[in-house]
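For ligands, and for the atoms within them, numbers begin at 1 and follow the listed sequence. For reference, positions follow the sequence shown, starting with 1.
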Amino acid sequence: MDSKREQNLVIKGGTLLDALSGEQSRADIRIRDGKIAELGSNLPDDGDFVYDASDRLISMGWMDMHVHFREPGHEHKETINTGCKAAAFGGFTAVACMPNTDPPVHTRDVVEFIVKRGRETPVDVYPIACVSRDRAGKSLAEMADLKAGGAVAFSDDGSPVYDGGLMRHALEYASMLERPVINHMEELSLNVGGQMHEGAVSTRLGLAGIPGLAEEVMIARDILIAEFTGGPVHVAHISTARAVELVRNGKARGIPVTAEVCAHHFSLTDSEIERHAFDTHLKMHPPLRPASDVEAMKEGLKDGTIDAICTDHAPHASFEKEVEFIAAPFGILGLETAWGLIGRELIRPRVLSVVNAVAKITVAPRKILHIPLPELTPGNAANLTIFDAETTWIFEERHIHSKSRNTPFVGAEMVGKAHAIYNRGYLVQNLV
Ligand SMILES: [Zn+2]
């Protein structure tokens, strides 16, 4: 990967894809002082650096609204800097990072620390702050102050906001602050030591199961609380068919509920754990589900019930994952493989068009988080991703830019490649 500061350049020969209108057009882009200066055909280079984007698509920069960058506190897994490298390789110019760090993002100084660290990279880093003090689920954090410091949403991710009364108050504030509460949907009493999805495969393997019910009960509760308070609730990492149905019904009734799905939840089923003999790189929360749920993710994406695609990029060091299945932590990397899986599972089989897929990682997350859209319009800061949706390639260990290695996709086929991002005056090119 090559990252350099390049304030002035011309991107030639690409096809611009407008994720808002769905329109595509051929145009060169002139960037001056990091801003889009001009769009047109056959723009002269005027001695500036030329990026050849022939046969490539260009859209506003991609955003992953759910990553874990582990800083502060667990820098041996990932730092904001290494996480942003993984993001850039994956084609993302923006991420929103979850607050289950150490200390958690429950005070304004931690929010500001993350904003400051993010500014040292080519990627826009948006902190999500805790709903509760210490992420303990007992009393509300100072949500207004956290927003003032730069928080774009609130979540206790890793854990649910379990107390219904606390969720009610959080959504009342969320409504006033116009920022969503993103809940890790899990009714804890319905998941006692579960290791994988509860079903036929967990029974055969003799592993304690996590029933889809644990997720669905919490989503049902939160949709009712969102209806009662008018506060926006966002369903983190949705994974079951019944959960999609609940969100679909909630939306139909005009309740402010939105949802995201992780790329692995529309790419893999729980049977992989049997096939790959307890590979801990297949252990995540929510767990991989059966094929019927995977199909429901695709249906939900297609009909708009599921707004956004995210990764839940969750780095863990090798020594943490190289243990027995039941002792391993939950979570896998996601940023480097997201687009290749979107291409393989959604675009190639015509579940989504390229533009609809791109909208799920550009327009949707930013709308949910009230972040202005970096449209490809003269005058705007240049924030864009250069990619294709066809290149077939094999994901290899050398493509990992995260500090950790915990991905089940080494050796897997990917369809579609992110070739470069431009953001904050930096051109980052993937040369592998
Ligand atoms: Zn979670």
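- In His184, the N, O or S atom that comes nearest to the Zn ion (ligand 1) is ND1.
- Checking Lys367, Lys360, Lys251 one by one against Asp307, the salt bridge (charged side-chain N to carboxylate O under 4.0 Å, His left out) holds for a single residue, Lys251.
- Each of Asp156, Asp222, Asp157 was compared with Asn183 under the side chain to side chain donor-acceptor pair (under 3.5 Å) criterion, and only Asp222 meets it.
- Within a 6.0 Å sphere centred on OH of Tyr173, heavy atoms belonging to other residues, nucleotides or ligands number 12 at most.
- Under 2.8 Å from the Zn ion (ligand 1) lies no N/O/S atom of His285, from backbone or side chain alike.
- No more than 12 heavy atoms of other residues, nucleotides or ligands sit less than 6.0 Å from atom NZ of Lys116.
- Nearest to the Zn ion (ligand 1), among the N, O or S atoms that Asp157 has, is OD1.
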